[in-house]
Amino acid sequence: MAAVSDRLPAFPWDKLEPYKKTAAAHPDGIVDLSVGTPVDPVPQLIRQALVEAADSPGYPTVWGTEALRDAITGWLRGRLGASAAGHRNVLPVVGSKELVAWLPTQLGLGAGDKVAYPRLAYPTYEVGARLCGAEAVVYDDPTELDPAGVKLLWLNSPSNPTGKVIPKEDLVRIVAWAREHGILLFSDECYLELGWEAEPVSVLHDDVCGGSYEGIVAVHSLSKRSNLAGYRAAFVAGDAGVLGELLEIRKHGGMMTPAPVQAATVAALGDDRHVAEQRERYAARRAALRAALEAHGFRVEHSEASLYLWVTRDEPCWDTVAHLADLGILVAPGDFYGEAGARFVRVAFTATDERVEAAVKRLG
């Protein structure tokens, strides 16, 4: 039996282990800014909702409870400006990463098909293409692609790793191009509520899609906005035909969001206060790290949104990783996200206030 893993690239984070050991040897311990994992507490109202739903002995449904679908559609209409969103336009998923990785397979793509994604991008877009045997292609501007054979187009705004935001007028143009060529467009918008110097806009906004979700789907996660990475709470929204097909496939595959997590998601989407409070924490950490990095000789590019600073000292990224590891600071090398990142590193500002303060002192 051929190993499916043979289709996949080497797991990039394994390459970072020696530098992690170097950083961990610092007398004051490591400051890990490599992975954007939340470190702040899960808001109390979300934990309470989870506890109250803990007595859930029966199987949950793949489509989710009516209360969950109400919460998602209400959030889509109120937060994203997707005024036509209804229950058939939403589908909960078990964290956004599994959706990204398995989407091409669940769409029936394979040899001869192309999956397109940004030149600098979250590695799982490529993984998804490789898992189903499709061809992975990268772009700077998707409308400059040869559309022949492109079956799935990934957008990512705000971008991981760069924090770049696609302006509304460009989204309008890209959506029109994808529809003209019959290309299914999935927009990864998991950082949409973390805009700093730009206001991210969803492809589902009425001004972008014209109130029709034909051929477009947005991916959203509660991992960052609500500190729920450990809950695996996410959903997709958009084209009812596409989501109906995915629902049937996922029902057969038993891809169900646990009932307590569904209840917690309802609570999270119904409360804006905790989102604003978490944004304030991240804004303060971002400002402190940005000032320290610039004073240390780094240049920040893009980074107008998301949970990362995309920075360079105009040297190979692994030299930068080594330099910072000697200071006890671990960051992600830019080439994890594509060859175009070979002279950049990605710095997450998801560490605790105490660890961010330690990094600032070391950089000083």
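Nothing fancy with the numbering, it's 1 onward along the sequence.
Stacking of Arg285 on the aromatic ring of Phe349 is not recorded, the 6.0 Å distance cut-off and the 45° axial limit not both being met. A cation-pi arrangement is absent between Arg299 and Trp310 under the rule of less than 6.0 angstrom and at most 45 degrees off the ring axis.
A distance of 6.0 Å or more separates the ring centres of Tyr122 and Trp154. Checked against a 6.0 Å centroid threshold, the rings of Tyr308 and Tyr191 count as neighbours. Residues Trp13 and Phe336 bring their aromatic ring centres within 6.0 Å.
Put simply, the side chain of Thr257 does not reach to within 4.5 Å of the side chain of Phe235, judged on heavy atoms. Within the 4.5 Å cutoff, the side chain of Leu204 has heavy atoms near those of the Tyr213 side chain. By the 4.5 Å heavy-atom criterion applied to side chains, Leu324 and Tyr19 are not counted as neighbours. By the 4.5 Å heavy-atom criterion applied to side chains, Leu80 and His220 are counted as neighbours. With contacts defined as side-chain heavy-atom distances shorter than 4.5 Å, the pair Thr350/Pro38 does not qualify.
When the shell of 6.0 Å around CZ of Arg88 is examined, it contains 12 or fewer heavy atoms from other residues, nucleotides or ligands. Other residues, nucleotides and ligands place more than 12 heavy atoms under 6.0 Å from the NZ atom of Lys114. Other residues, nucleotides and ligands place more than 12 heavy atoms under 6.0 Å from the CD atom of Glu301. For Asp14, the CG atom counts as densely surrounded, since its 6.0 Å shell holds more than 12 non-hydrogen atoms of other residues, nucleotides or ligands. The environment of CD in Glu339 is sparse: at most 12 heavy-atom neighbours from other residues, nucleotides or ligands sit within 6.0 Å. Applying the 6.0 Å contact sphere to CH2 of Trp63 captures more than 12 heavy atoms from other residues, nucleotides or ligands.
Clustering ILVMFWY residues whenever any of their side-chain heavy atoms sit less than 4.5 angstrom apart, transitively, puts Leu120 in the very cluster that holds Val347.
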The test is salt bridge (charged side-chain N to carboxylate O under 4.0 Å, His left out); show your working for Glu277 and Arg273 and say whether it passes.
CA-CA 6 Å; Glu277 291 173 349; Arg273 181 175 178 179; 3.2 Å; yes
Verify side chain to side chain donor-acceptor pair (under 3.5 Å) between Thr143 and Arg173, making sure each step is shown before the conclusion.
CA-CA 8 Å; Thr143 65; Arg173 175 176 57 84; 2.9 Å; yes
Where do Lys168 and Val208 land on the side chain to side chain contact (heavy atoms under 4.5 Å, CB included) test, with the steps shown first?
CA-CA 7 Å; Lys168 182 191 286 188; Val208 174; 3.8 Å; yes
Show your working on salt bridge (charged side-chain N to carboxylate O under 4.0 Å, His left out) between Arg69 and Glu66 and close with a plain yes or no.
CA-CA 5 Å; Arg69 284 178 265 131; Glu66 185 173 354; 6.0 Å; no
Applying side chain to side chain donor-acceptor pair (under 3.5 Å), run through Ser202 and Glu189 and close with a yes or a no.
CA-CA 7 Å; Ser202 173; Glu189 301 174 352; 2.8 Å; yes
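When only modelled atom types and interatomic distance are considered, Asp188 and Tyr125 share a side-chain donor-acceptor pair under 3.5 Å. Under the 3.5 Å distance criterion, with hydrogens and angles disregarded, no donor-acceptor pair is assigned to the side chains of His323 and Asp326. For the residue pair Tyr139/Arg119, the side-chain donor-acceptor check at 3.5 Å is not satisfied.
Side-chain atoms of Arg250 do not come within 3.5 Å of backbone N or O of Met256 as any donor-acceptor pair. One N or O on the side chain of Ser157 and one on the backbone of Ile166 form a donor-acceptor pair closer than 3.5 Å. A side-chain donor-acceptor contact under 3.5 Å links Asp206 to the backbone of Ser83. The closest donor-acceptor contact from the side chain of Asp170 to the backbone of Pro167 lies at 3.5 Å or more, if one exists at all. A distance-only check finds no donor-acceptor pair linking the side chain of Gln278 to the backbone of His274 [under 3.5 Å]. With Thr124 contributing its side chain and Val127 its backbone, the two residues share no donor-acceptor pair below 3.5 Å.
A salt bridge does not link Glu304 to Arg286: none of the charged nitrogens lies less than 4.0 Å from a carboxylate oxygen. Checked for salt-bridge contact, Asp28 and Arg362 meet the test: a charged N lies under 4.0 Å from a carboxylate O.
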